[in-house]
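What follows is a short report on a single structure.
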2 protein chains.
Amino acid sequence: MSTLSEEPAWKQRAVERSTKAARLRAERKVQQFLEAAQEIILEKGSTDFTVQEVVDRSRQSLRSFYQHFGGKHELLLALFENALRRSADEIRAAASAEPDPLVGLRVAVRMLFETSLPDPSTQHPLFTDFATQLLMSYPTEVRSAHEPMLAVFAEMMARADAAGQLRSALRPRRAAAMVMQSVMFLAQSTAVAGEGESAHPLTADEVWEFCAGGFALRDVA
Amino acid sequence: MSTLSEEPAWKQRAVERSTKAARLRAERKVQQFLEAAQEIILEKGSTDFTVQEVVDRSRQSLRSFYQHFGGKHELLLALFENALRRSADEIRAAASAEPDPLVGLRVAVRMLFETSLPDPSTQHPLFTDFATQLLMSYPTEVRSAHEPMLAVFAEMMARADAAGQLRSALRPRRAAAMVMQSVMFLAQSTAVAGEGESAHPLTADEVWEFCAGGFALRDVA
DNA sequence: ATCTTGGGAGAATGGTATTCTCCCACGAGT
DNA sequence: ACTCGTGGGAGAATACCATTCTCCCAAGAT
């Protein structure tokens, strides 16, 4: 407190100016790293790039990299967060346009499923693959990266609930979390060439049917 | 063919004796590696051991290790497969004892959920965590490791279907796959300390409700 | 007795993340 | 204009591991 009042406004402003400049510079650099990484991922269609590649591509230095990121994982997390937030926005836009909440949810599920497929071509391709890698090592960060997407599903779920379209015993937000995670994971695991028996690849519709209606015909005590 | 008839029985028998001995030796060694790895995992409550640790613990050599396993991942896969098969047997035993197929499925879901929790204490603890790590690098192997567990769920699902307890549009085996994977993944992702809002940890019952009944009150065209 | 060979020990290699060290260029103060 | 301090570039050094290689011996085969 006393230090605060002892530091007059001019000093605070001076400090602020300098820190603001620094912040801007930092943001620009971070942005460059992110873009470089993004490019590389798109090019090689995989997330296992090396830090060195990113540094080279962004014409900066290793030192600078580690000055801005706590490690490779923070870069990954940042990319993941971005991609997920963007995707969440798209999904919200599409889903909330539907008057019927359940139809909106179906749209959301389908879209999330598609974007979660590990297709090495699209722009939002493998952003889910390291989701699972990171999930184990940095669970809380991944969780918070999921947040925007979860919010979308929670909104839709709440609308459905308000319209009396949900099974009564459900807490909407938890249902939203289960749907979101199931869809993402099922999309991931489905992307394998089926061996023999029943050419595995799940479809978005199957997953929707499962999430919406479950499998049981009746309730079980 | 001619070579076959030129090689008399004694030679084949001799060869067989030697290969059989070799096979036995190999199996013993592999077993030792597996046990050592198992122990280490239990001790440190995590799957990120080094190959060297396993070798030391099992009183064998690196060379021998790479002679019996194509790499670390094969060891992991083997452990994973074992654990999953054991678990599948237990679940089958418990679930098939229930006369009502849906009750059996509920039992199966609950058990699978419990054993999939990344609890660092139990015996079958982190066998699911590298499931996801491996899923990306060795999808087909993981898939085949899942097979026994999938079989259990498919059996139960088929029973339910036969008893007319399933939503009609469902293919039982695909439903089984979705249930199994959802349960495993949800158990994984739930095991994080909830930050603030709604103390996340899902329960087995919630997951069962979700898988069995979905969230929608009515069907959506 | 010698030859063959499986396998133990552990050094060597290779790939990466992460840290460290040197050094320069640029802006601030004199 | 002349230092001086500092942020940051370049890239060498380090730390870990997985994986491979080399040397060598001991036991069974001939």
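Values in this document were obtained by computation on a predicted structure and should not be read as measured data. In what follows, chains are A, B, ... by sequence order, proteins preceding strands, each numbered from 1.
- Side-chain nitrogen and oxygen atoms of Thr50(A) include none within less than 4.0 Å of the OP1 or OP2 phosphate oxygen of dG15(C).
- In summary, Glu147(A) and Arg173(A) engage in a salt bridge, as defined by a charged side-chain N under 4.0 Å from a carboxylate O.
- Candidate nucleotides dA18(D), dG8(C), dG7(D) were compared by shortest atom distance to the side chain of Lys29(B), and dG8(C) ranks first.
- Between the CG atom of Leu75(B) and the P atom of dT19(D) there is a distance of 11 Å, rounded to whole Å.
- In this structure, the side chain of Arg174(B) engages the main chain of Pro201(A) through a donor-acceptor pair within 3.5 Å.
- Summarising the geometry, the separation between NE2 on His68(A) and C1' on dT19(C) is reported as 16 Å, rounded to the nearest angstrom.
- With rounding to whole Å, Gln52(B) atom CD is found 12 Å from dA11(C) atom C1'.
- A donor-acceptor contact under 3.5 angstrom links the side chains of Asp48(B) and Ser46(B), judged on distance only.
- Nucleotide dA17(C) holds its P atom 14 Å from the CZ atom of Phe33(A), rounded to whole Å.
- One atom, NZ of Lys72(B), and another, P of dT20(D), lie 15 Å apart when rounded to the nearest Å.
- The aromatic rings of His73(B) and Tyr138(B) lie parallel to each other, with less than 30° between the two planes, well short of the 60° mark.
- Panel note: side chain Glu74(B), backbone Gly70(B); a donor-acceptor pair is recorded below 3.5 Å.
- Computed from coordinates, the Phe69(A) CZ to dT16(C) C1' distance equals 18 Å when rounded to whole Å.
- Within residues 58-67 of chain A, the residues having any heavy atom closer than 4.0 Å to DNA chain C are, in order of number, Leu62(A), Arg63(A), Tyr66(A).
- For the pair His73(B) NE2 and dC17(D) P, the computed distance is 19 Å after rounding to whole Å.
- Here the rule is side chain to side chain donor-acceptor pair (under 3.5 Å) with Arg57(B), and of Gln52(B), Glu43(B), Gln38(B) only Glu43(B) fits it.
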